[in-house]
Structures are given as structure tokens and as C-alpha cells.
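Read through the structure below, which is laid out as C-alpha cells, and then see the notes.
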Amino acid sequence: VKYAGKNNYMFFNKEMTEKLKEQIQIERILRDAIKEEGFNLLYQPQVCTYTGKIVGFEALLRIKNKRISPGLFIPIAEDNGMIIEIGRWVTKEAINQIRTWKKIGVPIKPIAINFSAKQLNDSNYIAFLKDQLKENNVEAKHIEIEITESIFLDKKEETIVFLNQLKNLGIKIALDDFGTGYSSLSYLTFLPVDKIKLDKSLCDKFLELEHISVMDNIISLAHSLKLEVLAEGIENIEQFKRLKLGGCNYVQGYLFSKPVEVMEVAKIYNDNFLE
Ligand code: C2E
Ligand code: CA
Ligand code: CA
Ligand code: CA
């Protein structure tokens, strides 16, 4: 018994050591990526359910030549504070991309960037964003910011002030991962958001009969609050059709496109996903 206990302890210990090692390694990779332009953005189209056209893109961060998912490295960057610099890089890169589209003369489609709650600690973010827009001659309406409910966990008043500053600039705000938190519905009545993004976990199961009316109700509630609705993680045509019937404005998911390199964006830019 004693022996087994000891083995258990050692196993646990080894697992923790491995995890710590991995974390340290990722921190090093992140530090290098910040220094050496080691990040890039992939773009995933957001499609209008009525026209089938791409209305915008979500920018999703990757580390060049590494297969580490943001689900793993973003929380580490949030913990060690690197997310501040990374967040600024993402902002700058998205704005640069809009400028490029302007330069080559294609109709501009907005880019949505993910904004971590930890970036609220970046006290000069708004000024930085304003400068970047101005410097690149990009309109604020071409950048959208995705936040999650976690941003309201503490400093609620300050957060609302911050979001209103963004809105006053002309930036649109989307509430990401909707349906995964707690008080989602009540939040919607007082938060300065323009759009909600229904989480993949909701979209995965709404086709089951007992969930369909819930989905329809969420969509009409959002609409009654003058919010647009985007459904995420759409992988099959049945989901798409039913969401469209329910009045969902936009969809995003592998059914239309995976997140792609910027070179690939040109190939799908004018596609119609209903044709
Ligand atoms: P998210 O913001 O909820 O992004 C959606 C995730 O779902 C992305 O994963 C996307 O590639 C994936 N996805 C899209 N359509 C489908 C689908 O049809 N099926 C499936 N199975 N997955 C789909 P990704 O790119 O791995 O990003 C994971 C998370 O990392 C994001 O979740 C976001 O929270 C975070 N993240 C990514 N880029 C950034 C960034 O630049 N800044 C911050 N703060 N977080 C980021
Ligand atoms: Ca997102
Ligand atoms: Ca999401
Ligand atoms: Ca997420």
C-alpha cells in the first residue's frame, strides 16, 4: 500500500514537472516570437446567411512554424503578461491588412480581433489603436473587437467605460463564446456590444428538438436588443439552414472555410457560399 502510494505521488509529480517544462518552453517560444516577428494571423470568413457573401473575417493568431494552438499559448501569455504586447501586434497587423486591401482596391471587409480581458491592463491601448488607425488611414468601422464575458468579472464599471471609448471611436464590439458563461442574457441589456457570437457548443446541439426553440429565442431576444447574431463552429448544412430560418445574421465555421493564410483569402474573397 505504501509502495503504491509512493508511485502515485511520483506520477503526479512527474506530470506537474512535464507541464511546467512545457509552459517554460512555450514562454520561451512566445518571447522569441515577440522579438522576431514570429506570429502570423489566419483569417476565417464570416458569412451573411442571406446573401452568402463574406462580410468580414476573424483574425486568429498562430506562431509561425509551430503547431502550438492558441488555446494553449494564449492562457500562458495572459498569465505572464505577454498578451499585452501580443495583443498590440495583432491589432497592428489587422490594421495593416485593411490598409493593404485598400491599396489594392478591393472592397474592404472588416477584421475582427480577439481581445483578452487581461489587455484591460494595457492602459494606453485606446491611444495605440487610434494612432494605428490614423497612421494607416484605416477607418475604425473596419476593425471589430471580440470580447468574452470574463472581461466583466471584475472592474465592471471601468470595463464599460473602456468599451464605450471603443464604440465612440467607431469600433464594433462582439460578445464571443456566448452561451458558455453564466448570466449571459442579463448582460446583454446593459453591455455596449453590437453583436453576439453563439458558441460552437450551442450550435453543436441546437438541432435536437428540445433545443431549437431555445436557439430561436436567443436570436430573437438579441434582435429585440438591436444586436446582430453570428453562429460559430458551423460544420454542416442542416445547422446553417435552420439558423437562417431562425433569423441568425451571420455564420462562421468549417462548412464555409477554415481559418486561412492571407494569400488564400484572395481566392475566396468574392465567393458566394450559397451558390
Ligand atoms: P475563439 O475566439 O472562440 O475562436 C474560434 C475557434 O474555433 C478558432 O480556434 C477557430 O479556428 C475554431 N473554429 C472555427 N470554425 C470551426 C469549426 O467549424 N469547427 C471547429 N471544430 N472549430 C472551428 P483557434 O484558432 O484555435 O483559436 C482558439 C482560441 O484562441 C480562440 O477562440 C480565442 O479565444 C483564442 N485566440 C486566437 N487568436 C487570438 C488572438 O489573437 N488574441 C487572443 N486574445 N485570443 C486569441
Ligand atoms: Ca473569437
Ligand atoms: Ca468563440
Ligand atoms: Ca473561445
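Both backbone and side-chain heavy atoms feed into the values below; hydrogens, waters and symmetry mates do not. Every number for a ligand or one of its atoms is a count from 1 in the order of the listing.
A ring-centre distance under 6.0 Å is found for Phe162 and Phe115. Side-chain rings of Phe273 and Phe240 stay apart, their centers remaining 6.0 Å or farther from each other.
Residue Ser69 has no nitrogen or oxygen atom sitting less than 3.5 Å from a nitrogen or oxygen atom of ligand 1, judged on distance alone. Residue-to-ligand polar distances place Leu61 within reach of ligand 1: an N/O pair is separated by less than 3.5 Å. Between Glu78 and ligand 1, not a single N/O pair is under 3.5 Å apart. Considering backbone and side-chain N/O of Gln252, none are found under 3.5 Å from N/O of ligand 1. Checking only distances, Asp177 does come within under 3.5 Å of ligand 1, N or O to N or O. For Glu146, no nitrogen or oxygen atom sits less than 3.5 Å from a nitrogen or oxygen atom of ligand 1, counting backbone and side chain alike.
Of all N/O/S atoms in Glu146, OE1 sits nearest the Ca ion (ligand 2).
Which parts of ligand 1 touch Gly253 is read off a 4.0 Å heavy-atom cut-off, strictly below it: atoms 15 (N), 18 (O). Residue Ser116 approaches ligand 1 through these ligand atoms, each under 4.0 Å from one of its heavy atoms: 44 (N). Near Val90, with a cut-off below 4.0 Å to any heavy atom, the atoms of ligand 1 are 41 (O). Numbered from 1 in the order shown, with element, the atoms of ligand 1 that lie under 4.0 Å from a heavy atom of Glu235 read 17 (C), 18 (O), 19 (N), 20 (C), 21 (N). Within ligand 1, the atoms closer than 4.0 Å to a non-hydrogen atom of Ile74 are 42 (N), 43 (C), 45 (N), 46 (C), numbered from 1 in the order shown. Within the listing of ligand 1, atoms 18 (O) sit less than 4.0 angstrom from a heavy atom of Ile234. Atoms of ligand 1 found under 4.0 Å from any heavy atom of Gln44, numbered from 1 in the order shown, are 14 (C), 15 (N). Each of the atoms 2 (O), 4 (O) of ligand 1 lies under 4.0 Å from some heavy atom of Glu58.
Although no hydrogens or angles enter the test, the distance criterion places a donor-acceptor pair under 3.5 Å between the side chain of Tyr269 and the main chain of Lys109. Between the side chain of Asp177 and the main chain of Asp199, no donor-acceptor pair closer than 3.5 Å is present. Of the possible donor and acceptor atoms, one in the side chain of Gln44 sits under 3.5 Å from a partner among the backbone N and O of Ser257. No donor-acceptor distance shorter than 3.5 angstrom exists from the side chain of Thr49 to the backbone of Lys244, with no hydrogens or angles considered. Gln23 places no side-chain N or O within 3.5 Å of a backbone atom of Ile76 that could act as its donor or acceptor partner.
Under 4.0 angstrom from ligand 1, there are no non-hydrogen atoms of Lys197. When heavy-atom distances to ligand 1 are checked against a 4.0 Å cut-off, Glu232 comes that close only through its side chain, counted from C-beta outward. The backbone and the side chain of Asn114 each have at least one atom closer than 4.0 Å to an atom of ligand 1 (non-hydrogen atoms only). Residue-level proximity to ligand 1 for Lys118 is absent, since no heavy atom of it falls below 4.0 angstrom. Only side-chain heavy atoms of Asp176 come within less than 4.0 Å of ligand 1; its backbone N, CA, C and O stay farther off.
Backbone or side-chain N, O or S atoms of Glu58 reach the Ca ion (ligand 2) at under 3.0 Å. Residue Asp199 does not count as close to the Ca ion (ligand 3), with no N, O or S atom under 3.0 Å. With a cut-off of 3.0 Å, the Ca ion (ligand 2) has an N, O or S atom of Asp176 in range.
Between Phe190 and Tyr187, the ring planes lie perpendicular to each other; the angle is over 60°, past the 30° to 60° tilted range.
Note: angle at the Ca ion (ligand 3), from OD1 of Asp177 to OE2 of Glu232, is 170° (rounded to 10 degrees).
The heavy-atom pair separating Arg62 from Pro259 by the smallest distance is NH2-CG, 4.4 Å. Heavy-atom minimum distance, Leu221 versus Ser224: O-OG, 2.7 Å. What you find for Ile151 and Thr159 is that their closest heavy atoms are O-OG1, 3.3 Å. Heavy-atom minimum distance, Phe206 versus Met215: CD2-CE, 3.7 Å.
For the pair Val262 and Leu41, the minimum side-chain heavy-atom distance is 4.5 Å or more. By the 4.5 Å heavy-atom criterion applied to side chains, Tyr125 and Thr91 are counted as neighbours.
If you check each of Cys203, Pro70, Ala77 against atom 28 (C) of ligand 1, the one with the closest non-hydrogen atom is Pro70.
Checking Lys172, Lys167, Lys226, Lys141 one by one against Asp194, the salt bridge (charged side-chain N to carboxylate O under 4.0 Å, His left out) holds for a single residue, Lys167.
By the 4.0 Å heavy-atom criterion, Lys258 is excluded from the residues contacting ligand 1.
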